[in-house]
Amino acid sequence: MLYYYVVGHIVITVKDEKLNFEWKRKTLFNYKEIEVVNLEDIKVIVIDEGRLLKKIKTLDRVIYINNSKIGSREATDFITYLRKVTKPYSPEIIDSWDEFARKGYLKLAYKLTNVVLLFSIIAILISILCNAFKVQFLFICLMFIPQMLLHRAHMKSKLKE
């Protein structure tokens, strides 16, 4: 029932060099209408993992799409189509990490990640030596560290670009 009231479904169509957005109507919690966008007005398209359309930026506004990984086959086809039809207008296609870097947050996030990783590793070593933590707390920390290492590596690669 929660899915029915909260999750929205958007249909995006291209007609006459314009993107049309239509939300599937719901009983409660309907989404705000999105105005038609000319393809030539699109300046930046934010796509994550090559299949998750996050945002479409025009000269005067940002349209948040945020499609999910669930049932993303149509989204992947649409992204391929969107790249093809906007090619003459050459909008910039970036991912969320690039956008994060442009805002100037990536260096700070990278430094913060290093501090958190260092603190986590020190906490694990101290807990092993002192045997103060129970084993289940160590497992939680050990699950957290590999994810942080992956984020750190990805941030580092984006900083080099």
Practice task
Indicate if V62 and L53 have the same hydrophobic cluster label, given that clusters are the connected sets of ILVMFWY residues with side-chain heavy-atom separations under 4.5 angstrom.
Solution key: no
Exercise for the section: Would you mind reporting whether I63 and R61 have side-chain heavy atoms less than 4.5 Å apart? Expected result: yes
Practice task
Just do the salt bridge (Lys or Arg N to Asp or Glu O under 4.0 Å) check on K158 and D95 with the steps written out, would you?
Solution key: CA-CA 10 Å; K158 288 295 180 179; D95 66 5; 3.2 Å; yes
Problem - Heavy-atom check, side chain of T13 versus side chain of E22, under 4.5 Å - result: no
Problem - Atom CG of D16: over 12 foreign heavy atoms under 6.0 Å - result: no
Practice task
Give a yes or no answer on whether the side chain of N38 reaches the backbone of D41 with a donor-acceptor pair at less than 3.5 Å.
Solution key: no
Practice task
With rounding to the nearest 0.5 Å, note down the distance linking CE in M155 to CG in L108.
Solution key: 10.0 Å
Fill in the blank from the handout: side-chain hydrogen bond (donor to acceptor under 3.5 Å, both in side chains) with Y89: of E17, K43, E40, only one passes, and it is E17
Problem - Trace of the side-chain contact (heavy atoms from CB on, under 4.5 Å) decision for I45 with K55 - result: CA-CA 6 Å; I45 301 171; K55 298 178 193 174; over 6 Å; no
Practice task
With sequence neighbours excluded, tell me which residues meet side-chain hydrogen bond (donor to acceptor under 3.5 Å, both in side chains) with R152.
Solution key: Y110, N114
Exercise for the section: Treating Ile, Leu, Val, Met, Phe, Trp and Tyr as nodes and any side-chain heavy-atom pair under 4.5 angstrom as an edge, say whether I34 and I79 lie in one connected cluster. Expected result: yes
Problem - Distance, nearest 0.5 Å, that separates CG of L82 from CG of L39 - result: 7.5 Å
Problem - F21 vs V37, side-chain contact (heavy atoms from CB on, under 4.5 Å): CA-CA, chis, key distance, verdict - result: CA-CA 9 Å; F21 303 90; V37 175; 3.8 Å; yes
Practice task
Look at the aromatic rings of F78 and Y81 and report parallel, tilted or perpendicular, splitting at 30° and 60°.
Solution key: tilted
Practice task
Would you mind reporting whether V36 and L19 have side-chain heavy atoms less than 4.5 Å apart?
Solution key: no
Fill in the blank from the handout: Separation between CG (L159) and CG (L106), nearest 0.5 Å, reads 4.0 Å
Exercise for the section: May I ask you to decide if K87's main-chain N or O and S90's side chain share a donor-acceptor pair within less than 3.5 Å? Expected result: no
Handout entry: Flag side-chain contact, heavy atom, 4.5 Å: K54 against I47
Key = no
Practice task
Before giving the answer on side-chain contact (heavy atoms from CB on, under 4.5 Å), spell out for I42 and K57 the whole-Å C-alpha distance, their side-chain angles and the decisive distance to 0.1 Å.
Solution key: CA-CA 6 Å; I42 298 173; K57 293 184 175 186; over 6 Å; no
Problem - D98 CG to I93 CD1 distance, which is reported to the nearest 0.5 Å - result: 12.0 Å
Completion exercise
Connected to V46, directly or through other members, by ILVMFWY side-chain contacts below 4.5 Å are V44, I94
Handout entry: With sequence neighbours excluded, residues passing side-chain hydrogen bond (donor to acceptor under 3.5 Å, both in side chains) with S96
Key = D48
Exercise for the section: Enter the distance from L149:CG to I121:CD1 here, rounded to the nearest 0.5 Å. Expected result: 6.5 Å
Completion exercise
Distance col, row L112:CG vs K107:NZ, nearest 0.5 angstrom, shows 15.5 Å
Handout entry: N20 side chain near I12 side chain, heavy-atom distance below 4.5 Å
Key = no
